[in-house]
Protein chains: 2
Amino acid sequence: MKEEKVKRDKIPPTTVARLPLYLRCLQSMQDRRIDSVSSFKLAQLTGHNPAQLRKDLSYLGEFGTRGVGYDVDELIRQIGKWLGAAKVRQVAIVGAGHLGRALCSYKGFINRGFSVAGIYDVDPAAIGQQVAGLKVRHIDELERQNLSGSIEIGIIATPAAAAQATADSLVRARVRSILNFAPVKLNVGAGVCVRNVDLSTELQIIGFHLASLEHGITSDCCS
Amino acid sequence: MKEEKVKRDKIPPTTVARLPLYLRCLQSMQDRRIDSVSSFKLAQLTGHNPAQLRKDLSYLGEFGTRGVGYDVDELIRQIGKWLGAAKVRQVAIVGAGHLGRALCSYKGFINRGFSVAGIYDVDPAAIGQQVAGLKVRHIDELERQNLSGSIEIGIIATPAAAAQATADSLVRARVRSILNFAPVKLNVGAGVCVRNVDLSTELQIIGFHLASLEHGITSDCCS
DNA sequence: TTTTGTGAAGCGATTCACAGCA
DNA sequence: TGCTGTGAATCGCTTCACAAAA
């Protein structure tokens, strides 16, 4: 426990970001009754370098067998443990627009150990509507509903203008981390973890590469 | 033109990824009639280091005035130019599930110079339905509809199992770049640029940080 | 022999610190 | 004086190359 704490601090963010993809590949192998895998094979499937894969896993511990490879079940167990997948995490989605609704019915969340505990909005027209079996509630209710703190994650799927106020609500409701889809830099107190996903930023990056193609650059596509 | 080609090759991917956020901040300042900004101010607003901001901009050219700062209008023009925002880019969305529909009606795309040219699926139940003013068509029609090559970007919003086949269709339809929401590593020929966005990966990364908190780690939240 | 785990080298991005200008 | 633009220093991640182990 003490030892794991020390180790967690040392895992590079880039490694953490790759773990979910490793996990997904491994689960797909498990489904196909493959029980052992080498760093070469798994790296090829995930599009990485074998040395990088081994180094990534070495941050978590030593699970391989030299001359053989990794046991698929064991690796799934270990990566899952480090990603905190032992327990189902409750998520609150704020914003009952198209994106919020899509996220609410997204199967991928459930499969990875996340459960949508509620969907919230401020628009009277949206409140009360049924979305994927959940009733849209007013954001102000979240604070009261989460007195136990069981909802640890908030997803912001509101327009940019409402994002900061939404973040404030989520922080008041004792949410510990936020996934932000609004194209705004959020200010939250220390101890609340924010990750940003911006859909149009991704398109704009693609736009840069298209413009580069138009200037006759063919090399290294997208990054 | 020749010179710009050389420069484009030298811009780090990390810089490109930050440009859209700079642009957005600048546009918000322009709306508020602010016409000049220092690297300190813009860095603060975007959550970056002033030196990094200046270095990022220096890859594009020299637009600042020493002792004063940057002209907001000029900077917007320049960043827009490098991101290829001069022309509206046509996008095809594949997958008419919740996510595909949400993307189809997403205002952020239009505002940033992208236009949804069509939405496609393979499910007979979905085909023919109306989504945000567009009729869902069969994916096989895309190839014929894009003989002119005006659709440069494809968005994959299908289930993971269908993603590779969808990518193949998009490549056949002469799409030049792909934004992939399926949690799968796509194999496409050289010259086609792929960017991956995985919503549950983001939650899993948050899961790692929540697990770290449970182990008593308070430092550096999310990355 | 095969494949892991890892020190060391290599590489790219960030940050510093200051010269160059307005 | 104030702020940009940038070489130099630093930091952290990736990749190499090989010793260790099955």
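Below, chains carry the letters A, B, ... as their sequence lines are ordered, and counting in each starts from 1.
- The side chain of A/Ser39 contributes an N or O atom lying less than 4.0 Å from OP1 or OP2 of C/dT4.
- Note: CG (B/Leu53) to P (D/dC3) measures 14 Å, nearest angstrom.
- To the nearest angstrom, C1' of D/dT4 lies 18 Å from NZ of B/Lys41.
- Whole-Å rounding puts the B/Leu57 CG to D/dT4 C1' distance at 10 Å.
- The separation between A/Leu60 atom CG and C/dT4 atom P is 15 Å, rounded to whole Å.
- Geometrically, A/Arg77 does not engage A/Phe63 in a cation-pi contact defined by less than 6.0 Å to the ring centre and at most 45° from the axis.
- Side chains of A/Ser36 and A/Asp71: no donor on one and acceptor on the other come within 3.5 Å.
- No side-chain heavy atom of B/Leu53 sits less than 4.5 Å from a side-chain heavy atom of B/His48.
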What does the list of N/O pairs under 3.5 Å between the protein and nucleotides 19-22 of chain D look like, with a distance for each?
residue	atom	partner	partner atom	Å
D/dA20	N3	A/Arg66	NH1	2.8

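- Under the side chain to side chain donor-acceptor pair (under 3.5 Å) criterion, B/Ser58 pairs with no residue at all, not counting sequence neighbours.
- Straight-line distance from the NZ atom of B/Lys10 to the P atom of D/dT6: 13 Å, rounded to whole Å.
- Partner of B/Glu214 under the salt bridge (charged side-chain N to carboxylate O under 4.0 Å, His left out) criterion, out of A/Arg89, A/Lys81, A/Arg176: A/Arg89 alone.
- Geometrically, A/Arg8 engages B/Phe208 in a cation-pi contact, judged by NZ or CZ lying under 6.0 Å from the ring centre and within 45° of the ring axis.
- A donor-acceptor pair shorter than 3.5 Å can be found between the side chains of A/Gln204 and B/Arg24.
- If you measure from atom CD of B/Gln78 to atom P of D/dG5, you get 12 Å, rounded to the nearest angstrom.
- To the nearest angstrom, P of D/dT6 lies 14 Å from CD1 of B/Ile11.
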Pairs under 3.5 angstrom, nitrogen or oxygen only, protein versus nucleotides 12-15 of chain C, please.
residue	atom	partner	partner atom	Å
C/dT14	OP1	B/Arg18	NH1	2.9
C/dT14	OP2	B/Arg18	NH2	2.9
C/dT14	OP2	B/Gln52	NE2	3.3
C/dT14	O5'	B/Gln52	NE2	2.8
C/dT15	O4	B/Lys55	NZ	3.4

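- The side chain of B/Ser58 lies closest to D/dT6, out of C/dT4, D/dT6, D/dC3.
- The CZ atom of A/Arg54 sits 16 Å away from the C1' atom of D/dC13 (whole-angstrom rounding).
- Using modelled atom types and a 3.5 Å distance limit, the side chains of A/Asp168 and A/Gln164 yield a donor-acceptor pair.
- Salt-bridge check for B/Glu152 with B/Lys87: passed, with a basic side-chain N closer than 4.0 Å to an acidic carboxylate O.
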